[in-house]
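Keep in mind that this is a model prediction, so the values were computed, not measured. Proteins come first, then strands; the chains are lettered A, B, ... in the order of their sequence lines, and each starts at number 1. Side-chain atoms are counted along with the backbone in the values below, which use heavy atoms only and exclude waters and symmetry mates.
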Protein chains: 2
Amino acid sequence: MNVIEHLQEHSIKPSVQRIAIMQYLIEHRTHPTVEEIYSTLLPTIPTLSKTTVYNTLKLLSEHGAAQTLTIDERNTCYDADTSPHAHFLCKHCGKVYDLPIQNDAKQVEEMSINGHEIQEIHYYYKGICKECKNKK
Amino acid sequence: MNVIEHLQEHSIKPSVQRIAIMQYLIEHRTHPTVEEIYSTLLPTIPTLSKTTVYNTLKLLSEHGAAQTLTIDERNTCYDADTSPHAHFLCKHCGKVYDLPIQNDAKQVEEMSINGHEIQEIHYYYKGICKECKNKK
DNA sequence: GTACGTGCAAAGAATTTGCAGATAA
DNA sequence: TTATCTGCAAATTCTTTGCACGTAC
């Protein structure tokens with residue numbers, strides 16, 4: 001996937017920082033936080049500031065190039081996969097997993113319920129993940 | 001509904017503060033924040049502190065007497081309705097609405113996906129609510 | 001040259017922590 | 001009495017804001 005084209009498709013002007021952050025999101029489907037992105041990219045872009053990471057992620061989210069996840073109560077997470085899919089938060093280790101959506105036929109676009117216009121769908125599950133269960 | 005019994009059913013010792021907060025959640029299904037609960041109850045319990053509200057809501061959540069909602073990116077909200085149902089966040093006015101769950105047959109208990117043990121299910125929708133749409 | 005992007009430092013807001021006093025069985 | 005609950009104040013953490021400098025077309 002061409003990251004620059006991807007940004008331009010969402011009307012975002014590419015810059016070194018924006019490309020790096022978008023690319024990070026695309027390559028790491030681990031629902032990273034601002035902190036994770038910042039500290040990973042810092043060696044590559046030593047002048048990078050956290051403000052820019054915040055600004056860029058907000059920009060990506062507003063332009064539909066990434067999704068904001070509010071599943072983690074402490075930090076906001078981001079996801080480059082904007083298609084509707086479910087997330088699972090392990091209450092024990094805090095990891096966020098992707099889950100397949102079970103009921104198909106999910107059409108986000110132009111959907112409305114009770115007169116409200118639906119723009120985003122998020123399915124969150126919380127519990128104990130496989131690994132943490134096995135450790136006990 | 002007897003609030004004291006409700007607390008005891010979840011192994012929570014009733015106290016003046018805990019009863020008041022639990023009762024507030026049951027009577028006001030508006031997904032209040034810590035701040036809302038605190039300022040509403042303050043006239044009734046003048047010695048109430050925000051710390052106690054935080055402590056109590058955390059306790060209720062841990063014991064399954066209430067749910068923690070992370071849909072709002074700014075503040076954490078709480079909900080006494082622990083049965084699975086959907087929430088809608090208006091991106092414009094920030095209000096949180098309840099929505100009926102469309103696909104039925106949602107059984108939370110003992111559910112597992114991909115080996116993960118599911119304890120909570122949250123369905124979040126985001127968009128523009130009816131009222132805000134009409135105002136334009 | 002002009003508009004836009006970046007990043008520092010400071011401010012702001014939400015939540016947590018430590019601890020001492022109050023309360024209840 | 002003895003463990004538990006409460007609440008103040010301070011600390012911590014995440015995020016936003018204001019502003020000046022850089023950069024690109």
Nearest-angstrom distance from the residue atom CG of Leu42(B) to P of dT6(D): 15 Å
Nearest-angstrom distance from the residue atom CG of Leu59(A) to P of dC4(C): 13 Å
Between dG7(C), dC8(D), dT6(C), which nucleotide has the shortest distance from any of its atoms to the side chain of Ser49(B)? dC8(D)
Could I get a table of every N or O pair under 3.5 Å where one atom is in the protein and the other is in nucleotides 11-16 of chain D?
unit_1  : atom_1 : unit_2   : atom_2 : d
dC14(D) : OP1    : Asn75(A) : OD1    : 3.3
dT15(D) : OP1    : Thr76(A) : N      : 3.3
dT15(D) : OP1    : Thr76(A) : OG1    : 2.7
dT15(D) : OP2    : Tyr54(A) : OH     : 2.9
dT15(D) : O5'    : Tyr54(A) : OH     : 3.4

Listed pairs under 3.5 Å, donor-acceptor, residues 15-27 of chain A side chains, sequence neighbours left out:
unit_1   : atom_1 : unit_2   : atom_2 : d
Ser15(A) : OG     : Arg18(A) : N      : 3.2
Arg18(A) : NH1    : Lys13(A) : O      : 3.0
Gln23(A) : NE2    : Glu27(A) : OE2    : 3.4

Among dG7(C), dT6(D), dG5(C), which nucleotide sits nearest the side chain of Gln17(B)? dT6(D)
Lys91(B) atom NZ: more than 12 heavy-atom contacts under 6.0 Å: yes
Per Arg18(A) side chain, nearest of listed nucleotides dG5(C), dT6(D), dG7(D): dG5(C)
Give a yes or no on whether the backbone of Ser112(B) and the side-chain of His116(B) come within a donor-acceptor separation of less than 3.5 Å. no
Euclidean distance, atom CG of residue Leu48(B) to atom P of dC5(D) [Å, nearest integer]: 16 Å
Linked, directly or transitively: Phe88(A) and Tyr123(A) (ILVMFWY side chains, under 4.5 Å): yes
How long is the line joining CG of Leu41(B) and C1' of dG7(D), in whole Å? 15 Å
Is Ser15(A) touching bases, backbone alone, or none of the nucleic acid, heavy atoms closer than 4.0 Å? sugar-phosphate
Atom CD1 of Ile45(B) to atom P of dC8(D): distance rounded to whole Å? 13 Å
Partner set under side-chain hydrogen bond (donor to acceptor under 3.5 Å, both in side chains) for Thr76(B), not counting sequence neighbours: none
Passes salt bridge (charged side-chain N to carboxylate O under 4.0 Å, His left out), Lys126(A) versus Glu73(A)? Steps please. CA-CA 12 Å; Lys126(A) 297 183 187 180; Glu73(A) 283 147 46; 3.2 Å; yes
Pairwise 5' ranking along DNA chain D for Thr52(B) and Lys13(B), keeping only the more 5' one: Lys13(B)
Separation of atom CD1 in Ile19(B) from atom P in dT6(D), rounded to whole Å: 10 Å
Check against side-chain contact (heavy atoms from CB on, under 4.5 Å), Lys50(B) and Glu35(B): CA-CA 8 Å; Lys50(B) 231 175 234 182; Glu35(B) 181 59 39; 2.6 Å; yes
Using a heavy-atom cut-off of 4.0 Å across all strands, would you classify Thr33(B) as base, sugar-phosphate, or nothing? nothing
